[in-house]
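Everything below concerns the one structure shown next.
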Amino acid sequence: MSPMKPKFYVTTPIYYVNDVPHIGHAYTTVACDVLARWKRLDGFDVFFLTGTDEHGQKVEKAASAAGLDPLAFTDRVSTAFQDMARAMGVSNDDFIRTTELRHKIATTELWRRLQDAGEIYLGGYEGWYAVRDEAFYDEAELTIRPDGTRVAPSGAPVEWVVEPSYFFRLSAWQDRLLEFYDSHPDFIAPVSRRNEVLSFVRGGLKDLSVSRTSFRWGIPVPGDPAHVMYVWLDALNNYVTATGWPDPAAPRAGFWPADLHMVGKDILRFHAVYWPAFLMAAGLAPPKRVFAHGWWTIEGEKMSKSLGNVIAPADLVAAYGLDPVRFFLLREVPFGSDGDFSRRALISRMNVELANDLGNLSQRSLSLVARNCAGVLPPRGAPTDEDAAILAAAGALPALLRGYIDRQAFHEALEEVWKVVRAGNGYIDRQAPWALKKTDSERMASVLRVLADMLRSVATVLQPFMPGSMTKMLDQLGVPEDARDLAALATPLSDGTVLPPPRGVFPRHTDDVT
Ligand code: MSP
């Protein structure tokens with residue numbers, strides 16, 4: 001809001017509406033949500049965008065299979081993605097649909113600029129196309145199956161396409177892209193993915209077909225309405241459209257270039273090669289960073305409709321609660337690697353790390369405050385070495401997490417918090433404040449205050465991951481609502497603050513696991 005705050009713009013991919021939302025979509029969106037919430041907590045003016053990718057042959061086919069015209073179909077499925085964002089507690093600032101007028105205006109303008117710059121020419125495409133990936137492939141990239149059919153590296157079937165097409169002069173961008181990667185070493189992450197992109201671009205780039213004539217569901221090419229724009233050109237531009245481009249006076253104009261496009265590994269090439277080339281060719285700045293995360297399998301299997309193992313995010317939340325699911329998604333697997341989703345692993349994280357480690361620590365500490373300190377925050381005496389150590393570890397969390405989260409190392413950020421939580425459990429066991437009640441009530445009060453201060457730091461930095469539960473914990477710690485950002489941690493809570501009666505924040509999950 002304030003013009004003084006630094007800006008931060010983060011995006012999810014926009015989701016194809018041929019499918020209903022599943023846990024893979026929820027994953028990308030929740031990771032961005034954590035980042036957006038963290039940046040807000042850290043004093044940034046954040047713009048967090050998600051949305052739906054509604055044009056192209058794949059969506060047109062899905063609509064006709066559903067017996068609906070494409071717009072009615074996309075209206076319906078787009079809503080499902082908006083519902084998914086709500087069900088996952090996502091704090092997006094805008095939701096873009098590529099069928100909106102603002103997007104048609106911005107994308108038509110992008111095309112015009114590319115054309116005016118001589119970056120687009122009319123030719124003919126003859127080659128392979130995979131509708132499922134909405135991607136063109138070379139013969140050399142395909143695998144021939146025993147039955148003679150060809151499939152793309154993703155496993156998607158391909159078809160032979162012959163049609164007039166506009167081309168983008170991608171081949172001319174090879175050196176400039178390589179220079180760009182070289183001068184922006186953090187543009188693509190993780191490093192293993194960056195290396196893949198570099199070797200792909202070093203291998204040579206061919207001009208890219210950017211229009212289709214064999215179907216109608218897309219944005220018409222200006223001046224040649226027999227063509228609709230290639231869906232990836234259309235889709236990628238959503239990130240620019242949402243800033244109000246090309247209107248320089250749009251309220252969000254200052255958010256471009258985006259700070260981060262979060263994507264799955266399968267769509268990195270579009271974001272890290274085609275997109276910066278389109279933007280530079282149109283005279284626009286490329287985004288600052290693209291992070292490619294890994295894929296989830298389900299109980300060891302690839303997620304697929306035919307296996308019937310597709311998990312709807314809302315079902316998971318209904319069974320285990322929202323915050324445990326959000327926590328699990330970012331805690332279980334190093335961000336950037338592939339991971340396996342299993343109910344057993346989720347329940348174990350819930351019971352061990354949430355209910356036992358953090359939930360019990362807070363419940364034990366706060367019930368002692370309620371019982372032995374008349375329910376008010378006690379003062380802290382002169383710190384012992386142990387007090388100083390645990391307070392220093394908790395106090396270091398904001399700066400430590402800032403570093404990890406800026407590199408999208410969410411699992412490491414959580415591990416740092418849990419080191420402090422585990423140290424807190426060791427501290428309470430050794431100090432035994434329940435026993436101090438009779439021998440040294442002043443020291444007991446001091447120990448409980450150290451615990452409350454430590455828990456406040458922990459709950460503050462965990463808010464982006466588990467907003468609902470951490471709000472409850474901060475309420476119970478008596479932290480005023482306007483003192484919950486990272487900067488507020490510098491100001492101690494007032495002695496004597498009246499605390500509400502403590503209530504457990506993380507229930508244990510007791511269902512049998514099959
Ligand atoms: N519409 C394009 C993106 C255009 S962005 C300008 C698209 N959509 S998608 O719906 O197919 O996929 C969206 C995201 O979901 C991708 O980042 C993809 O990696 C992610 N996932 C889909 N299945 C997944 C898993 N099983 N696991 C993790 N993420 C997965 O691609």
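For ligands, and for the atoms within them, numbers begin at 1 and follow the listed sequence.
- Short contacts between ligand 1 and His293, defined as distances under 4.0 Å to a heavy atom of the residue, involve ligand atoms 28 (C), 29 (N).
- Protein heavy atom nearest atom 16 (C) of ligand 1, with residue, atom name and distance: Ile267 CD1, 3.8 Å.
- Relative to atom 26 (N) of ligand 1, the option among Phe341, Phe81, Tyr16, Trp296 with the closest non-hydrogen atom is Trp296.
- For the ring-ring contact (aromatic ring centres under 6.0 Å, His included) criterion with Phe168, the lone passing option out of Tyr125, Trp111, Tyr230, Phe278 is Phe278.
- For the 3.5 Å distance criterion, the side chains of Thr107 and Asp234 fail to qualify, holding no donor opposite an acceptor.
- The distance criterion of under 3.5 Å between nitrogen or oxygen atoms is met by Trp295 with respect to ligand 1.
- Near Asp53, meaning under 4.0 Å from one of its heavy atoms, ligand 1 places the atoms 1 (N), 2 (C), 4 (C).
- In summary, of the residues considered (Asp247, Asp94, Leu49), a side chain to side chain contact (heavy atoms under 4.5 Å, CB included) with Arg252 occurs for Asp94 alone.
- Side-chain N/O atoms of Tyr129 and Ser209 include no donor and acceptor closer than 3.5 Å.
- Remark: the Glu163 side chain and the Ser165 side chain contain no N/O donor-acceptor pair separated by less than 3.5 Å.
- Shown in contact with Met303 at under 4.0 Å from a heavy atom are these atoms of ligand 1, numbered in order with element: 26 (N).
- Any N or O atom pair closer than 3.5 Å counts here, and Pro13 shares no such pair with ligand 1.
- Interface of Ala235 with ligand 1, defined as ligand atoms under 4.0 Å from a residue heavy atom, comprises 6 (C).
- Close contacts between ligand 1 and Tyr239 involve ligand atoms 5 (S), 6 (C) [criterion: under 4.0 Å to a heavy atom].
- Annotation: atom 3 (C) of ligand 1 to nearest protein heavy atom, Ile14 O, 3.2 Å.
- The distance from ligand 1 to the heavy atoms of His25 drops below 4.0 Å at these ligand atoms: 10 (O), 15 (O).
- Within the 4.0 Å heavy-atom cutoff, Trp232 counts among the residues contacting ligand 1.
- In this structure, atom 19 (O) of ligand 1 lies nearest to the protein heavy atom Asp266 OD1, 2.5 Å.
- Of all atoms in ligand 1, listed by their number and element, those nearer than 4.0 Å to a heavy atom of Gly294 are 28 (C).
- Residue His22 places a heavy atom under 4.0 Å from ligand 1.
- Counting only heavy atoms of the protein, atom 13 (C) of ligand 1 lies nearest to Tyr15 CD2, 3.4 Å.
- Applying the 4.0 Å criterion to heavy atoms of His271 picks out, from ligand 1, the atoms 5 (S), 6 (C).
- For ligand 1, one of its N or O atoms has an N or O atom of Gly264 under 3.5 Å away.
- The shortest N/O to N/O separation between Tyr27 and ligand 1 does not fall below 3.5 Å.
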